[in-house]
Amino acid sequence: MPIYSSDSDDPRPSTSAPPKRLFACQRPIHTILGGGKVADILLWRDKTISAAILVGFTIIWFLFEVVEYNFVSLLCHISMILMLILFIWSTGAGLVDWAPPDLRAIMISDSTYRWLCRKFNSILSKFYDISSGKDFRTFFLAITFLWVLSVIGNYFSSLNLFYLGFLCLASIPAMYEKYQDEVDYLASKGNQDMKKLYKKFDNKVLNKIPRGPVKERKRF
């Protein structure tokens, strides 16, 4: 007789109930990333720009890490090339039927500064909330993650680590959007295992730390 496994043994989430999303967030990944041009680039909605940025970062990594190009020399050479292009463009605009370069097209808008300031303030606020000890489990996980990252940093140069982080940023969101249900299931199982591990650590280590007697407050 064939043996049928129960629903609890099925590694896939049930179709009748909505799957638990990563970090308990039900919003789409595109909305979480801001829902704008940056989200389209990270999720490879605009494949041309995403591929161009990836190729650009790869060329920069190749020049600095493989060719060992000096940063100051590269910056000067890029500036010289841009100045020559603008000079030829501006001079040629008066000789032939060319439109002169528009300065406003290459200037950074004020909204970009405001967006960066909001993101930076949001990161500082989250850093303060975690460091204040309101959620000890999150604080413990953050300290562990930073320690693991510091150990990994000893075996990689700063440029290699930065490029590796960029590759993760350029690939993980798109892969998560494509395989969202499978990743959410694995993340849920991993979260349960981490809770069990933390509970054992709490019972065997944290609860055995001697604490002084708690003094009762005097009531007036």
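One is the number of the first residue; the rest follow in order along the sequence.
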Please list every donor-acceptor pair under 3.5 Å in which a side-chain atom of residues 77-86 meets a protein atom from a residue at least two apart or in another chain.
residue, atom, partner, partner atom, Å
H77, ND1, Y69, OH, 2.5
H77, ND1, S73, O, 3.4
S79, OG, L75, O, 2.8

Can you give each donor-acceptor pair under 3.5 Å made by side-chain atoms of residues 141-150, sequence neighbours left out, with the distance rounded to 0.1 Å?
residue, atom, partner, partner atom, Å
T144, OG1, F140, O, 2.8
S150, OG, L146, O, 3.4
S150, OG, W147, O, 2.5

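When hydrophobic clusters are built by joining Ile, Leu, Val, Met, Phe, Trp and Tyr residues whose side-chain heavy atoms come closer than 4.5 Å, directly or via intermediates, W61 is not grouped with L161. By the criterion of side-chain heavy atoms lying less than 4.5 angstrom apart, applied directly or through intervening Ile, Leu, Val, Met, Phe, Trp or Tyr residues, F62 is grouped together with I59 in one hydrophobic cluster.
In this structure, F64 and N160 have side chains that are not in contact, with every pair of non-hydrogen atoms separated by 4.5 Å or more. With contacts defined as side-chain heavy-atom distances shorter than 4.5 Å, the pair L54/L167 qualifies.
Evaluation of the salt bridge (charged side-chain N to carboxylate O under 4.0 Å, His left out) rule for D46 yields K37 as partners, not counting sequence neighbours. Remark: F57 engages F166 in a ring-ring contact (aromatic ring centres under 6.0 Å, His included) (not counting sequence neighbours). By the salt bridge (charged side-chain N to carboxylate O under 4.0 Å, His left out) test, R45 pairs with E177, sequence neighbours left out.
Rounding to the nearest 0.5 Å places CG of L74 at 6.0 Å from CG of L63. If you take CH2 on W44 and CD1 on I49, they are separated by 11.5 Å, rounding to the nearest 0.5 Å.
I172 shares a hydrophobic cluster with no other residue; no ILVMFWY side chain has heavy atoms under 4.5 Å from its own.
In terms of heavy atoms, Y155 sits closest to V151 at CD1-O, 3.1 Å.
Of the possible donor and acceptor atoms, one in the side chain of T91 sits under 3.5 Å from a partner among the backbone N and O of F87.
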